[in-house]
Amino acid sequence: MKLLHSISVAALALSSAVNAASSWTFDEATLQVTGKGAEAAKQKITAGSPVSSSSPIVLPASSTLKVILTAQEGKTGKKPHQAFLTLQEVDSGLEESFAFSVKDNGKGKVDVSSKDLPFQFLTSSKPLKASITIASFGSSTPYNGHAFNLKIENDSSSPPAVPSAPERYTNKPEIHHIFRSDPKSPPTIISLVFTLAVIVTLPGLIGAWLLLGGNFDHLGKAFGASPIAHGLFLGSIVAMEGVFFLYYSSWNLFQTLPAAAIVGTVAYVSGSKALTEVQDRRLAGER
Amino acid sequence: MRLPLLGLLLGLLSFVSALSASGSKLLVVIEDEADKGKYSQFWTDLENRGFQLTYRSPKDASLSLFLHGEPAYSHLLLLPVRAKGLGPALTPNLLVDFVNGGSNVLLALSGEQSVPSAINSLLLELDINLPADRTSLVVDHFNFDSKSAAEKHDVILLPSPEFKKGVKNYFSVDGLIAFPRAVGQVLGNASPLLSSVVKAPSTAYVYNPKEEGESVEDPFATGSQINIVSAFQARNSARFTVLGSAEALEDKWFSASVQLPVPGSKAEKSSNKAFAQKLSAWTFMELGVLKVGQIQHYLNEGSQKGISNTSEVASIDVNPEIYRIKNDVHYSIELSEWEIDHWAPFSPPQGDSLQLEFSMLSPFHRLNLQPKAQTANSTIYTSEFKLPDQHGIFNFFVEYRRPFFTNVEEKRTVTVRHFAHDEWPRSYVISGAWPWISGIWVTVGGWIVFVALWLYSKPAEPKVKTR
């Protein structure tokens, strides 16, 4: 009795193990690409072994991919709850599943045309990975396997519209302000040559005056006649240039203007005296 | 005198007991008082974390989300109801107002009972779509719990959620999380405020168990497009979390033993408790809350160049209102992050960065801020840069909006002026100006010599005499 019982338990366990071991799969699977006026290209798919991945199935624009299969639980055709053809974009991992319409005997088919596909699939640079999932409730092992690779060809005259990327909160690329280039000077040597050319004109000018008979011979005579007036006048002219130099180097306008006024007044007053002396010399025929 | 002191004391007390950054009052809307016991571990956990729980039935006449026009609770937990609607106190409009008022909502759905249409239309406001037939649930024939759902496959077991680089993961747990009879959500693509927390595996799909038929032909959503948990953070940083499976919060699943249907997998304890803790902690502002401390900007040139600590220097001009173009400036911002019960130094997740924009209408500079120093509860981020060569009114603008963090938006406006007339380089350092400068001085010299010559020159001897 006990033995019988244990045998029956073992048999039950075995049968449930067999039941559990039954798994979903598919058979008689073909895929075909039908296009306008083109010959339908057929290819067989077998469960568990993908169609060679080196040459993906090409789906031209405005054509349809059709997959036909017979879903099986164990060896018998049966209708599963889930029979999906899943396409995956390899880079982003984006997936889209297409459900097979399956009959009670397990025969199912699905049509996918390129207008059903999201734009990410149409613009993908790599072939899409297509896998077949067949599963249902209960204890049977579900099937999910890579079936084939699919390359989508777009109509070259009307490329797929790519919507602008949706806004996402993330860090943005860095921006470094591009500064306007600094003002440039010509090569220093050229500036130096022209500076030299300008400076040389002063001795040239003085030399020319001396050559024409210019001299300072009446210096003693003038200072002898009115030393204060001449000293202040010549001094104020030099001082005025000094005021200009200080304005250039450090002073502001409000420091410059009073100084220039003082120097100017001195020049005016002493100038009238000094120029009277010059006039005297002219009247004496010494000029 | 006494009253403000009392108020201060009360405020201090409430601060001590409140562990969430935004408040501790939590309203739980539960239809049946008897169901309360199912979630007892979750309630205990929340109470231990400092929340004051109030349980109300949606039919309760005294239930109101608002008091004197302000949200009466900081947080709301909505458990599934059997009724068709949520009643007059919980209309979608009021719930949206509640979120706009700055309160957080954790909405738990269940595939066991049909989802009220009020919830459907509320979620549509957030761009979250639920299956139209309202009784659909998520199944996966590959990742279910073989112990409790060997036949129906409607208890989905998922590992800890993972996010792409640059997004902080507040929800990571060890082990598998069980989501029994989950309602799948599909998120709209347009809104940056929505983020997915837990996605369904790629073999999952949504189906309606009430629908007859042995095969699913037109599923509402498939694969990882289905979200089991999704999160929405409004512009005011209020949070709205949708948990597809309310059952996942039940005591039964906190300590359940679960097993994947894969041969060789072992039974293990579900990590629902840890996940529920993390999900509620994030939703109720215990995690991912950012606070800005001190913001400083100052001139980084001349005597102020390379100052590391502004308090060491006596006469430093911090946060001036005006700068000059091409000034070197130093900017620093102090950021803290709330971690359950204290402020901790904030650091952005791997691959992300805190950015400073120096902008007038559009950014002229956008720079990654570098962590320079750390205090006990904040990190100080700094950047040093040269102001652009454009005068105008500019902003030092730090805008940090990221999924799962509260928003940070800090603007400091300064004037950037042009060079003053005496700030340009002197003409003698410009080599191109040398001929012109020497021209002036040659003229000056020539003038003085001419004056002297005119005044003191003796006429030349008439040449006639020599002839």
Side-chain angles (χ1 to χ4, degrees), chain A residues 79-84 86 93 95-97 99 101-102 104 133 135-139 142 144 166-177 179-180 185-186 188 191-192 194-195 197-199 201-202 205-206 209 213-219 222 230 234 237-238 241 244 274 278 286-287, chain B residues 139 141-142 150-153 166 189-192 202-203 205 207 214-219 222-225 326 348 352-353 355 357-358 363-368 386 388-389 401-403 430-435 438-439 442 444-453 455-460:
Chain A
K79 186 176 180 182
H81 193 261
Q82 179 186 22
F84 286 174
T86 305
E95 288 176 333
E96 175 79 36
S97 294
S101 62
V102 191
D104 283 342
T133 307
S136 197
F137 299 107
S139 55
N144 180 20
E167 189 196 356
R168 288 289 178 270
Y169 290 150
T170 175
N171 55 344
K172 296 173 192 155
E174 278 195 276
I175 297 173
H176 294 276
H177 180 65
F179 288 84
R180 270 166 283 218
S185 284
T188 319
S191 302
L192 281 173
F194 279 94
T195 308
V198 170
I199 289 171
T201 53
L202 185 61
L205 180 70
I206 294 170
W209 281 338
N215 55 63
F216 299 103
D217 289 352
H218 278 169
L219 200 68
H230 269 292
L234 199 63
I237 284 174
V238 173
E241 302 304 333
F244 287 149
V278 174
E286 289 178 326
R287 259 179 69 89
Chain B
V139 285
H141 304 300
F142 294 81
E151 186 59 37
K152 285 177 144 182
H153 301 181
N189 194 29
S191 169
S202 73
T203 46
Y205 60 99
Y207 91 110
E214 285 163 41
S215 180
V216 58
E217 305 242 311
D218 187 19
T222 59
S224 47
Q225 292 167 23
K326 291 181 170 181
D352 191 13
S353 48
Q355 292 180 319
E357 285 183 0
F358 193 70
F364 280 60
H365 274 297
R366 188 189 291 130
L367 305 164
N368 291 343
K386 197 185 260 303
D389 50 356
R401 291 173 187 275
R402 298 291 184 271
I430 301 166
S431 69
W434 293 345
S438 48
V442 162
V444 167
W447 161 247
I448 291 171
V449 173
F450 168 75
V451 169
L453 210 61
L455 285 176
Y456 310 120
S457 187
K458 186 184 173 184

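All heavy atoms count here, side chains included; hydrogens, waters and symmetry mates do not. Order of the sequence lines sets the chain letters (A, B, ...), proteins ahead of strands, with each chain counted from 1. As the structure is a computational prediction, the values presented were derived from the model and not from experiment.
- When each of A/Glu96, A/His177, A/His176, A/Arg168 is checked for heavy-atom pairs under 4.5 Å with chain B, A/His177 comes out on top.
- By the 4.5 Å heavy-atom criterion applied to side chains, B/Trp434 and A/Thr188 are counted as neighbours.
- Only the side chain of B/Pro219 comes within contact range of chain A, judged by heavy atoms closer than 4.5 Å.
- Within the 4.5 Å cutoff, no side-chain heavy atoms of A/Trp209 are placed close to those of B/Ser457.
- In terms of heavy-atom pairs under 4.5 Å with chain A, the best-connected choice from B/Val451, B/Ile430, B/Thr203 is B/Thr203.
- The parts of A/Leu219 that come within reach of chain B are both its backbone and its side chain, each placing non-hydrogen atoms under 4.5 angstrom from that chain.
- Atoms CG and CG, from A/Leu205 and B/Leu453 in turn, are 9.0 Å apart once rounded to the nearest 0.5 Å.
- With chain B as partner, the option from A/Val198, A/Thr133, A/Asn144, A/Asn215 having the largest number of non-hydrogen pairs under 4.5 angstrom is A/Asn215.
- Heavy atoms of B/Ala150 lying under 4.5 Å from chain A belong exclusively to its backbone.
- Between B/Arg401 and A/Tyr169, the shortest heavy-atom contact is O-CB, 3.1 Å.
- Note that CD1 of A/Ile175 and CD of B/Glu357 are 6.5 Å apart. Values are rounded to the nearest 0.5 Å.
- With a threshold of 4.5 angstrom between heavy atoms, A/Thr170 approaches chain B through N, CA, C or O but not through any side-chain atom.
- The shortest heavy-atom contact between B/His153 and A/Ser136 is CE1-O, 3.2 Å.
- Closest approach of A/Ser185 to B/Ser431, counting heavy atoms only: CB-OG, 3.3 Å.
- The shortest heavy-atom contact between A/Phe137 and B/Glu151 is CB-O, 3.2 Å.
- Considering all non-hydrogen atoms of both residues, B/Arg366 and A/Pro173 come closest at NH1-O, 2.7 Å.
- Looking at A/Glu174 and B/Pro363, their side chains never come closer than 4.5 Å, going by heavy atoms from C-beta outward.
- Top candidate by heavy-atom pairs under 4.5 Å with chain B, chosen from A/Glu241, A/Lys172, A/His230, is A/Lys172.
- Only the side chain of B/Thr222 comes within less than 4.5 Å of a heavy atom in chain A; its backbone stays farther off.
- Listed options A/Ala99, A/Ala222, A/Gly214, A/Pro142 were ranked by heavy-atom pairs under 4.5 angstrom with chain B; first place goes to A/Pro142.
- Atoms NE2 and CD, from B/His141 and A/Gln82 in turn, are 5.0 Å apart once rounded to the nearest 0.5 Å.
- The closest side-chain heavy-atom distance from A/Phe244 to B/Val444 is not below 4.5 Å.
- Open room surrounds NZ on B/Lys152; 12 or fewer heavy atoms of other groups in view lie less than 6.0 Å from it.
- No donor-acceptor contact under 3.5 angstrom links the side chains of B/Tyr207 and A/His81, judged on distance only.
- Closest approach of A/Pro186 and B/Gly432 over heavy atoms only: CD-CA, 4.0 Å.
- Most heavy-atom pairs under 4.5 Å with chain B, from the set A/Val102, A/Asp217, A/Ile206: that is A/Asp217.
- Side-chain N or O atoms of A/Arg180 include one that pairs as donor or acceptor with a backbone N or O of B/Asp389 at under 3.5 Å.
- Of the atoms belonging to A/Leu234, it is side-chain heavy atoms, and not backbone ones, that fall under 4.5 Å from chain B.
- The distance from the OG1 atom of A/Thr86 to the OH atom of B/Tyr205 is 12.0 Å, given to the nearest 0.5 Å.
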